[in-house]
Amino acid sequence: MTARTLPSLNALRAFEAAARHQSFTLAAQELHVTQGAVSHQVKALEEELGVPLFERLSNQLRLTAAGQRYLVVAGEAFDRIESGTRQLLERPQRARLTISTSPNFSAKWLAPRLGGFSARHADLDLHVEQSERQVNFLRENIDLAIRYGDGPWSGLSCTRLGDEFLLPVCAPALDVDSIAALCTAPLLHSHDRQSWRDWFASHGLSLNERPGIVFNQESAAVDAALAGQGVALARSSLVVRELQQGRLVAPVSLSLPLAQAYWLVHPQEGETAGNIAAFSNWLLQECEADRQFWNGVIG
């Protein structure tokens with residue numbers, strides 16, 4: 001068998017730490033060695049590879065183009081080793097599944113339904129991480145994510161969960177049941193007032209600008225609609241459950257299609273993992289049930 005062609009792993013570790021920190025001194029503190037030892041290891045690695053990895057300026061350490069490319073490779077390799085080592089040492093008695101999703105989707109779609117999945121998989125330790133940012137699956141030990149955007153993303157397994165659209169919703173007690181009533185009802189906004197303008201314009205209607213609460217989270221606008229404070233223009237996935245339960249109504253069946261959607265995303269090597277496959281199948285079944293519901297609501 002042919003031996004692996006690998007550089008000194010100690011030197012590679014010194015390079016990766018120095019590259020992350022852009023500093024030999026900070027890398028030395030992380031590795032609990034001297035600054036000189038880090039500098040020596042990196043120099044030895046450059047000589048072994050025959051490629052300069054850093055530009056050593058008077059008061060700054062800067063990666064070369066080759067160093068930047070090599071940091072991506074080294075960082076991913078160390079992430080995998082760290083993740084595998086953690087899993088080996090933890091030896092959990094219960095399998096763990098960690099899901100990352102946005103606070104809006106978690107609050108309005110996932111959390112109310114997750115008990116059904118959990119009951120079927122009582123031996124599974126479920127963790128939900130709420131975050132708007134894109135996660136590093138390996139470094140953060142995330143199994144899968146539900147991400148809103150254009151998709152798909154390269155290097156990941158991506159499954160579109162369905163078409164997304166905006167529609168007006170309000171509490172039944174608000175008694176809004178026509179375009180005319182909607183044009184005089186209090187409107188609730190998410191982030192800014194542009195979505196309502198777009199919705200009205202897409203149906204050949206004009207919006208008479210009037211005061212209305214602007215929320216920085218769409219789930220808060222939905223909560224305000226549930227409380228009878230006005231009509232919210234919400235993404236379909238965030239209000240489907242309340243519509244099914246009759247807690248919200250769609251005063252008109254006019255919607256505004258969106259180009260972006262929610263996607264189920266995870267590393268490609270996790271595609272056949274039992275827990276990921278089980279969650280994926282459950283999620284897609286729930287989304288298909290939602291699609292069937294919308295077919296009877298939106299004209």
Side-chain angles (χ1 to χ4, degrees), residues 99-114 128-135 145-151 161-203 205-263 286-287 290 293-294 297-298:
I99 304 157
S100 172
T101 188
S102 69
N104 282 323
F105 190 83
S106 176
K108 293 302 175 188
W109 196 99
L110 184 61
R113 305 172 189 235
L114 203 53
V128 178
E129 301 282 345
Q130 297 181 331
S131 175
E132 297 284 3
R133 61 184 177 77
Q134 297 184 7
V135 298
I146 300 168
R147 180 181 294 172
Y148 185 78
D150 295 312
L161 298 182
D163 295 331
E164 200 72 30
F165 50 90
L166 292 174
L167 79 162
V169 294
C170 64
L174 201 61
D175 197 24
V176 177
D177 57 4
S178 66
I179 288 289
L182 181 61
C183 288
T184 59
L187 301 183
L188 304 169
H189 306 270
S190 300
H191 303 293
D192 55 40
R193 294 184 168 86
Q194 187 59 45
S195 294
W196 268 117
R197 296 188 192 107
D198 293 342
W199 184 88
F200 273 92
S202 71
H203 298 296
L205 303 168
S206 59
L207 170 63
N208 296 323
E209 294 288 349
R210 54 190 184 274
I213 306 171
V214 180
F215 297 91
N216 75 335
Q217 289 289 344
E218 196 169 348
S219 57
V222 173
D223 287 340
L226 284 165
Q229 296 177 20
V231 184
L233 188 63
R235 276 179 282 175
S236 51
S237 59
L238 303 186
V239 293
V240 60
R241 190 173 181 85
E242 282 77 8
L243 287 167
Q244 290 169 338
Q245 296 174 344
R247 300 173 62 211
L248 288 176
V249 295
V252 295
S253 61
L254 302 177
S255 62
L256 176 62
L258 297 172
Q260 296 184 325
Y262 282 103
W263 296 73
E286 291 287 320
C287 290
D290 286 356
F293 169 78
W294 287 121
V297 174
I298 299 299

Do [X] and [Y] come within less than 4.5 Å of each other through their side chains, counting heavy atoms only?
X: K108; Y: D223; result: yes
X: Q229; Y: I213; result: yes
X: W109; Y: Y262; result: no

Nearest heavy atoms of L254 and I179, plus distance in Å: CD1-CD1, 3.9 Å
Any donor-acceptor N or O pair under 3.5 Å, side chains R241, Q244: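 No, no side-chain donor-acceptor contact under 3.5 Å.
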Point-to-point distance, once rounded to the nearest 0.5 Å, from [atom1] of [X] to [atom2] of [Y]:
X: L110; Y: E286; atom1: CG; atom2: CD; value: 10.0 Å
X: L166; Y: W199; atom1: CG; atom2: CH2; value: 10.5 Å
X: S195; Y: L233; atom1: OG; atom2: CG; value: 6.0 Å
X: L248; Y: L167; atom1: CG; atom2: CG; value: 9.5 Å

Main-chain N/O of N104 paired to Q217 side chain as donor or acceptor, under 3.5 Å: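 Judged by distance alone, no pair lies under 3.5 Å.
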CA sep, side-chain torsions, deciding dist, call: V169, E242, side-chain contact (heavy atoms from CB on, under 4.5 Å): CA-CA 10 Å; V169 294; E242 282 77 8; over 6 Å; no
Ring geometry between W196 and H189 (parallel below 30°, tilted from 30 to 60°, perpendicular above 60°):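 Answer is perpendicular, since the angle exceeds 60°.
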Partners passing side-chain contact (heavy atoms from CB on, under 4.5 Å) against V249 (at least two apart in sequence or in another chain): C170, P172
Test side-chain contact (heavy atoms from CB on, under 4.5 Å) applied to H191 - qualifying residues, sequence neighbours left out: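 Scan of H191 (side-chain contact (heavy atoms from CB on, under 4.5 Å), adjacent residues dropped) gives none.
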